Each structure stands twice: as structure tokens, then as C-alpha cells.
Amino acid sequence: MTLILYIPDDAAALSVGANEIAERFSAIGKQRNIELVIIRNGSRGMLWLEPMVELETDRGRLAFGPVSLDQVESLLDAMLQRNEHPLSLGLTEEIPYFKNQERLTFARVGLIDPVDLVAYEANGGLTGLRQALNMTSQAICSEILESGLRGRGGAGFPAGIKWQTVLDQVADQKYICANADEGDSGTFADRMLMEGDPFTLIEGMIIAGLATGAAHGFVYIRSEYVHAIDKMKRAIAAMEQANWLGNDIQGRGKAFSLQLRQGAGAYICGEESAMLNSIEGKRGTVRAKPPIPAIEGLFGKPTIVNNILTLASVPVILAKGASFYKNFGLGRSTGTQAFQIAGNVKYGGLVEKAFGVSIRELIEDYGGGTLSGRPFRAAQIGGPLGSYISDDMLDLPMDYETLAQHKAMLGHGGITVFDDSVDMAEMARFAFEFCQIESCGKCTPCRIGAVRGRETMEKILHGENVASNIALVEDLCEIMTDGSLCAMGGLTPMPVLSALHLFPQDFDRNPLNSSAEAAE
Amino acid sequence: MTLSMPTHWAETEPACPFDDAMEDRVRKVCEDYANDPANLLEILHGLQKELGCIDPALQNILADILNISKAEVHGVISFYHDFRSQPAGKVQIKLCRAEACQAVGATALIEDILEQHGLNDFGTTESGITIEPVYCLGNCALGPSAMVDGKLLGRVTEASLSVSVASALKGGPQ
């Protein structure tokens, strides 16, 4: 009897021992002469259950986890005898955390071997691209516009408008650049997608090329994502081999080639123009806009810069139609978002749902509240440049416009949970410190503002002239918001001011209570 | 403990030994990337992997091969946090300092780990263990996170990191 097992090689699963688990299964299988087929898939995104092992059965896939080395032998026995085991979780797709999601972009992540093109196609892959090959460029752009797809990097700009702009440019060369510089703390959706279903991203980029007349693409991946880089390399090679990338895609006379580019540890290269400079081999400084990249981008040519999730949402839109995608969501935030629940949370992971789900539902119903068991105090939404929210904001729906109205930001969809041990004045100080470390240095409000902001927050933390220093921080934040060249300096005030306005008691330091326990 | 600002690029005495044989290796790496200055980041990654660091003396050669100015080369090397002018120790540890890891106690953990290694700040111990900060490893639901010689670790504790470092020092899997 052959047992077919799925053991993820997603980096999060590896970080808690998935490779060692896979090796142990393999070793015991050999030792006991049991036929085992181990498929390394992406993670299903229920990260607290990693390393999660799935067993193929005729009822569907049974999940077990989190598996530790000393449990492998007994688990194998249970699988052979078709018995329950303490780690049994039932059918993966019946687990409520998973079942209650709306997986459009992440449909295949965790389902298949990420670099198996046959499995990809058998599970709906390439349908969108086949459709696109039969459409005119204009028709593809119109479909994307109709779907209401908005950029998932954080700005939420309508992808269709961007694509149309590039299509309308006359140039000898155009580019599609996928931004995989996912440096925001609390986010890992891009990483999971590239590791779990890289073909979806590549398919989306080829469609973008067909839509705009671009024959070359780059995927810019931050250097910290070593596993994603490796997976993408293998996926590109597989697509090239099968003639989905190259000079004559499937013999249809269209060309598209794809190259990877590694970052080098600079958060600012997640900003689109800094990323373009980085791909050009330069310092990752931010460019003034206009001109926008769609008109003058990489090497001065018309360029699409889109986030990984934006491009990975394209195949399903082409396959199932704009109306299908548009029917998910709330107001002008159509479709689904891959929310990432992170930080001090019990059940962290990837939750793809239509826009409009409330923050409370994500943190409490999915996330299970804090990991520590201590009371929830704050959450940062959208990454380091996003606002903190307090518990009386938990019923707000997750959509671009509503959060913006409440001085918060959806960003890339990450939610970082904090318990009541958090010192919000320290988080404000860190926001300035991070800006100082990662600033490209080009504009004064960011380059100098970050330093002065950090210094002033340190004075506040030491109880020096607190009231006047707080006024100074507020004033500085206004300058940084209004005067910075990009979101690095421009949005650093968001975590700072939200911490200050929602948790003023943490800033009420005097030399006697200037220690970290001030918050309690 | 206040941790200082990163000084990953310091104008000190060249620490990477540099000679003509090195120059050949540099030319080879550049050739692999078509001597194209647009590939400078890939070239620098390749050189750092081969040579352990980017010696200031390399800058002149790179400028020459790629036909760009020394200032441009220096500008790129000094901009990006990944590129080092001094070689790392035998084992390279990166500890995440970003918000999601802070939410699960990374700040205190990092202080403990540095203390455990006899360091006042990020740097390299006498026994050749380099400890550096990193801002997000994309493992935000399983923090505190760290990387030891490129291997990602989640739910890190002082103990689990020690095990990993000991394994890395032996040269085996971490």
C-alpha cells in the first residue's frame, strides 16, 4: 500500500522543522519497507499547525499537525491502520479556518506541488492565459478594468487603468515588473504565493505582457526570501521548457521572457520607483513622479509595476470573467484580499476573504486572540507604515476606503497583533528608527525627520520636557506627511500619531516612570 | 541596552585579502553577467558569495570593468544593507527586530542572545559568530524569527538558537 503524503516546504513550515519531519518519514518508510510518496507542497496557511502533514485518501486529504519528530512513527502507524491520532485534524478542507475563506488567488497554494506544471493545469492553471491568447490587448485591459482589481501592494490603484496607460504608450520596449520586495513586518502573502503557486504569478505576468505589448518581465524579490527565489527559478525554467515563456509562446507568435532580480536588504526598494532603480543596478533612491512608471519606467520605458498578489489575481479574472471577481467585496474594494494574521496571535496565518470582513473577525474568530493569553491591546494594520488600532476599532471592515476614513491603512493586508505588554511610545520611537535605517536619503523630511523624530521620542521616553516634545513630534509628523517624496517618510507619521492619539497614557513619562513598565 | 545604528559599511582597513587572483575572479563574475552595469546588484551578490565581502579595493576594478564611475560603484555598495566590507564570522546569525517579532518578545530575546554571546551590540564574537539585525524575514506568524547561515528559524528561544548555532559551527545542517 502506498501512502501519499503532503509535507510543505514553505519557509514558515521549514522554520518549525518541516524538512526534518519529511526526512524522518522517509527514513522510517525505508526502514520498515513502506512505500511512501512525499510531495512537498506550499503551506495551506494555517501556520500554527505547521509542520502540518496531509494524507491522501479517497475521502480527501486528512490533516495532522503540528507534527514533532518524536510523533512521526506513531503517526505513520495511525495512517497505515487508518486510525485516529492525537494530531488528527480531520479533512483539511473541512477545517473551519480554511473552509470559511474565499480562496481565489490562493486556490492552489498548499494543494499541489508548486513546480508541477501538469498538476497546475489540472487544477485550473493556464485557463486564463489560454483565454488571453485569444483576446486582443485592449480586450484584456478592459476585462481587468471591469473586474475592479486594485493594486495589492498597498496603494490600491486600479490595475486596469495602469495597464491601459501602458498599452496606450508607443515604445520599442515595454516591461512588466512584479514587486516581490515584501518587506513589511506582518506580511508574508507574497512569499507564500511565490513558494506555493509560482506558476500563477508567472501566468499573470505573461497575460500582462499580452495586454500591454510588453515582451520582458522582471520579478524583484527581496534577498531575505531565499526559498521563494529558488522556487521561482525552478518555476520559470519549467514554463520555459513547456514553451509558455519564450519567443513564440505555444506557437502563437507572442513573446515573453522573465528574469529574476534579487534585492539587497533595502526596505525602500518596495517603493516602485526605488525598485526600478534597483533593477537598473543603481542605489534604490525614489524617483519624483511625474513621470509615472507606466509612461517612463524601467530604463525609461513604459512599465507596469504591480504587486505579486495583483498579478496572481489576473489568471482567475481571465479564466472566470470580470463579473465573477467583481461580485466579491465591498463598495469599491472588489475581489478578495489575502489577509495575513501575525504577531502575538494564537492562530496566525493566511486568510483570503472578500473585502469587508471585520478586523475583529480576523483577529478573534480566525486568529483566536493573543498567543500569550494576555488581553489584546493594539494591532498594526498594513505594515510598519500603517496605523495602530485600538480595541474599540475592531468592528471596522477591512476595505480601503473605510480604513482610510479612520486614519488607518489597509496596505498589503497584514495585521500584527499586540497584547497589553506593548509600550506604544516605544513603538512610536521604533517607527522613526526604522525610517532612519531604511530611508533612501533623498528627501530632507524623511532623511532628517526620522533622526530628529527618533531623538525626540527618546527624550519623551526619558521623561524630558514631555509635553513640548510631543508637540514637536506632532509638528514634525505634519512636515513629514506633507513634504516627503514617498510613503517612507510620508507615512511614518501614521504609526506614530495613531500610537500617540489612541494611547496617550504611554507617552505620559516622567523621569521616575521612564522605564518600559510605564504602560501598565 | 541601546543598540547603535548599523555601520555595515565602514571605511576601515581592507579586511578581505585582495590580489591579482582575486581580480580574475571579479572579472569572471562580471563576465557571467555580461559586464552589464544594470546587473550590478547580482554581480555584488555573486562577489560577496565568492569572496566573503566586498573589499573597498574591488570598487576600482568594478568601475573599470563596468565602465561606470567609482562613486557610482561605492554608492551602490554602501546603500544596500546586504553588502559588507568586512567578512562575516564562521556563522552568520540574523535576528528579526521588526514589529511582528517584537510583538512576541523579540527585543528582550535579542538583548539576551547578545549578552549570552558577550556582545554589547550587534557584531562578531571572538569565536567567529556574527549577529546582525534584520527587518522582517516573512515569518511573521511564527516569530520571533531568525536566520542562521541562511536557514530560517521560527519560534526562536535562546536555547533553540544555541542548538542551531552549535550545529552550524560543526558545519552540519542547522
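Bear in mind that the values here come from a model prediction, so they are computed numbers and not experimental data. Lettering of chains follows the sequences in order, A, B, ..., and the numbering in each one begins at 1.
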Before you tell me yes or no, could you show the steps for B:Ser145 and B:Asn139 under side-chain hydrogen bond (donor to acceptor under 3.5 Å, both in side chains), namely the whole-Å CA-CA distance, both residues' side-chain angles and the distance that decides it to 0.1 Å? CA-CA 7 Å; B:Ser145 296; B:Asn139 196 30; 3.2 Å; yes
Which residues in residues 99-106 of chain B have any heavy atom closer than 4.5 Å to a heavy atom of chain A? B:Glu99, B:Ala100, B:Gln102, B:Ala103, B:Val104
So, the part of B:Val156 with a heavy atom under 4.5 Å from chain A: the answer is neither
Max heavy-atom pairs within cutoff under 4.5 Å with chain B, candidates A:Tyr347, A:Tyr225, A:Phe299, A:Tyr267, goes to A:Tyr225
Apply side chain to side chain contact (heavy atoms under 4.5 Å, CB included) to residues B:Arg97 and A:Glu433 and explain how you reach the verdict. CA-CA 11 Å; B:Arg97 286 194 68 212; A:Glu433 184 188 350; 2.8 Å; yes
Go through the structure and list residues passing side-chain hydrogen bond (donor to acceptor under 3.5 Å, both in side chains) with B:Thr107, not counting sequence neighbours. none
Which residues in residues 12-19 of chain A have a heavy atom less than 4.5 Å from any heavy atom of chain B? A:Ala12, A:Leu14, A:Ser15, A:Val16
Counting heavy-atom pairs under 4.5 Å with chain A, the top scorer among B:Ile43, B:Leu66, B:Leu137 is B:Leu137
Can you list the steps and then say if A:Ser185 with B:Tyr135 is a side-chain hydrogen bond (donor to acceptor under 3.5 Å, both in side chains)? CA-CA 7 Å; A:Ser185 177; B:Tyr135 299 91; over 6 Å; no
Go through A:Cys269, A:Gly348, A:Pro384, A:Gly265 and name the one with the most non-hydrogen pairs under 4.5 angstrom from chain B. A:Gly265
Step by step, work out the side-chain hydrogen bond (donor to acceptor under 3.5 Å, both in side chains) result for A:His227 and A:Glu195. CA-CA 7 Å; A:His227 308 92; A:Glu195 294 184 23; 4.6 Å; no
Check side-chain hydrogen bond (donor to acceptor under 3.5 Å, both in side chains) between A:Lys282 and all other residues, then give those that pass, not counting sequence neighbours. A:Glu280
Is a donor on one side and an acceptor on the other found under 3.5 Å between the side chain of A:Asn344 and the backbone of A:Ser372? yes
Residues B:Tyr80 and A:Ser223: side-chain donor-acceptor under 3.5 angstrom: no
I'd like to verify something: which residue of A:Glu426, A:Glu224, A:Arg222, A:Glu182 has the highest number of heavy-atom pairs under 4.5 Å with chain B? A:Arg222
